[in-house]
Student: 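Got a structure here, written out as structure tokens. Questions coming.
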Amino acid sequence: MADIFTDAGEALVVDIIDPDSGVAKPTDWFVGWGTGAGTAAKGDTTLFTEAAESRVASTNTQPTADTLRMVGTLTSAAGATITNAGVLSAVTAGSLLVKGDFTGVVLSAGDAMEFTFDLQFT
């Protein structure tokens, strides 16, 4: 599994920190998932074939001073093979902060997956 802090995510974090950027801090981070094939890359701005289920607001914690942990659970509305997931700045559209890809997980309707993303600044 490749987990990537995307270029768009880095730019968004810098804009949020910069008080003169005019960019508003997101009120929540949202976890989404996708069914398409590919390897996560720094330049990605979207998930691979984002699934139809709505993104969910993440639960955020700081397990250490330099780490933001974002956790979200999605439930499949129909059978699907999930291959990637990410954290975005809005419930629709928005900037892709982090993205991970993995070997497909086959789900039936009603199956759920929990995703945990740790964004660590070291």
Side-chain angles (χ1 to χ4, degrees):
M1 178 175 169
D3 291 323
I4 302 294
F5 184 23
T6 67
D7 290 335
E10 290 175 359
L12 178 61
V13 169
V14 169
D15 285 344
I16 291 168
I17 293 169
D18 178 1
D20 296 326
S21 73
V23 172
K25 176 182 174 186
T27 55
D28 282 306
W29 295 108
F30 295 89
V31 177
W33 60 9
T35 59
T39 301
K42 292 281 293 172
D44 288 349
T45 58
T46 62
L47 297 171
F48 302 126
T49 315
E50 187 165 356
E53 289 81 10
S54 295
R55 298 173 187 168
V56 296
S58 63
T59 300
N60 306 315
T61 59
Q62 286 184 286
T64 60
D66 64 352
T67 303
L68 172 62
R69 177 169 289 159
M70 299 159 285
V71 178
T73 302
L74 291 152
T75 302
S76 182
T81 301
I82 304 301
T83 59
N84 65 109
V87 177
L88 299 104
S89 64
V91 71
T92 59
S95 296
L96 181 62
L97 182 68
V98 294
K99 180 179 185 178
D101 65 76
F102 44 87
T103 301
V105 177
V106 178
L107 301 178
S108 297
D111 288 347
M113 287 180 72
E114 179 180 270
F115 296 96
T116 301
F117 294 90
D118 284 346
L119 182 57
Q120 186 175 38
F121 296 91
T122 57

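Along the sequence shown, residues are numbered consecutively beginning with 1.
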Student: Kindly determine whether D3 and V98 satisfy side-chain contact (heavy atoms from CB on, under 4.5 Å), including the steps that lead there.
Tutor: CA-CA 7 Å; D3 291 323; V98 294; over 6 Å; no
Student: Have a look at E10 and tell me which of D7, L12, T6 forms a side chain to side chain contact (heavy atoms under 4.5 Å, CB included) with it.
Tutor: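 Output: one option passes, namely D7.
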Student: Kindly compute the distance separating OG (S89) from CD1 (I16), expressed to the nearest 0.5 Å.
Tutor: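 So the OG of S89 and the CD1 of I16 are separated by 7.5 Å.
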Student: Do you know which two heavy atoms are closest between T64 and T67, and how far apart they sit?
Tutor: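 Reported closest heavy-atom pair: OG1-OG1, 2.8 Å.
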Student: Quick one: closest heavy-atom pair of T61 and P63, and the distance?
Tutor: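 Residues T61 and P63, closest heavy atoms: O-CD, 3.5 Å.
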Student: If I take atom CZ from residue F48 and atom OG1 from residue T35, how far apart are they, to the nearest 0.5 angstrom?
Tutor: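 So the gap between those two atoms works out to 11.5 Å.
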Student: Are T83 and D101 close enough that some pair of their side-chain heavy atoms sits under 4.5 Å apart?
Tutor: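 SC-SC contact between T83 and D101 ruled out.
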Student: Using the side-chain contact (heavy atoms from CB on, under 4.5 Å) rule, take V13 and L97 through it: C-alpha gap first, then chi angles, then the decisive distance, then the call.
Tutor: CA-CA 8 Å; V13 169; L97 182 68; 3.9 Å; yes
Student: Once ring pair (Phe, Tyr, Trp, His ring centres under 6.0 Å) is applied, do any residues pair with F30, and if so which ones, sequence neighbours excluded?
Tutor: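 If we apply the ring pair (Phe, Tyr, Trp, His ring centres under 6.0 Å) test to F30, skipping adjacent residues, there are no hits.
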Student: Return the minimal non-hydrogen interatomic distance between V31 and V71, and the atom names on each side.
Tutor: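 Between these two residues, the closest heavy atoms are CG2-C, 4.4 Å.
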Student: Quick one: CG on L68 to CG on N60, what's the gap to the nearest 0.5 Å?
Tutor: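 That separation rounds to 5.5 Å.
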Student: For residues A112 and T73, report the shortest heavy-atom separation together with the two atoms involved.
Tutor: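 In terms of heavy atoms, the two residues are closest at CB-CG2, 4.0 Å.
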Student: Ignoring hydrogens, what is the shortest heavy-atom contact between R55 and A93? Give both atom names and the distance.
Tutor: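 Closest pair (atom of R55, atom of A93, distance): NH1-O, 2.6 Å.
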Student: Answer yes or no: is there a side-chain heavy-atom contact under 4.5 Å between M70 and V87?
Tutor: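 Side-chain contact under 4.5 Å: yes.
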Student: Is any side-chain heavy atom of I82 less than 4.5 Å from a side-chain heavy atom of F102?
Tutor: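 The answer is yes; the side chains approach within 4.5 Å.
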Student: With the 4.5 Å side-chain cut-off for hydrophobic clustering, are F115 and L119 part of the same group?
Tutor: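 Cluster IDs for F115 and L119 match.
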Student: Can K99 be said to sit on top of F5's aromatic six-ring, NZ or CZ under 6.0 Å from centre and within 45° of the ring axis?
Tutor: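 No, cation not above the ring by the 6.0 Å, 45° rule.
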Student: Between T75 and D111, is any pair of side-chain heavy atoms under 4.5 Å apart?
Tutor: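 They are not in contact (no side-chain heavy atoms under 4.5 Å apart), so the answer is no.
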Student: Excluding sequence neighbours, so at least two apart, what forms side chain to side chain contact (heavy atoms under 4.5 Å, CB included) with E53?
Tutor: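 Partners of E53 by the side chain to side chain contact (heavy atoms under 4.5 Å, CB included) criterion, ordered by chain and then number, come out as W33, A51, S76, A77.
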Student: Quick one: side chains of residues 22-29, donor-acceptor pairs under 3.5 Å with protein atoms, not counting sequence neighbours, listed by atom name and distance.
Tutor:
none

Student: For the CZ atom of F117 and the OG atom of S58, what is their distance to the nearest 0.5 Å?
Tutor: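 That separation rounds to 9.5 Å.
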Student: If you measure from CG on N84 to CD on E50, what distance do you get to the nearest 0.5 Å?
Tutor: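 One gets 8.5 Å once the value is rounded to the nearest 0.5 Å.
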Student: Please report the shortest heavy-atom distance between L96 and D44, naming the atom on each side.
Tutor: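 Closest approach of L96 to D44: CD2-O, 3.9 Å.
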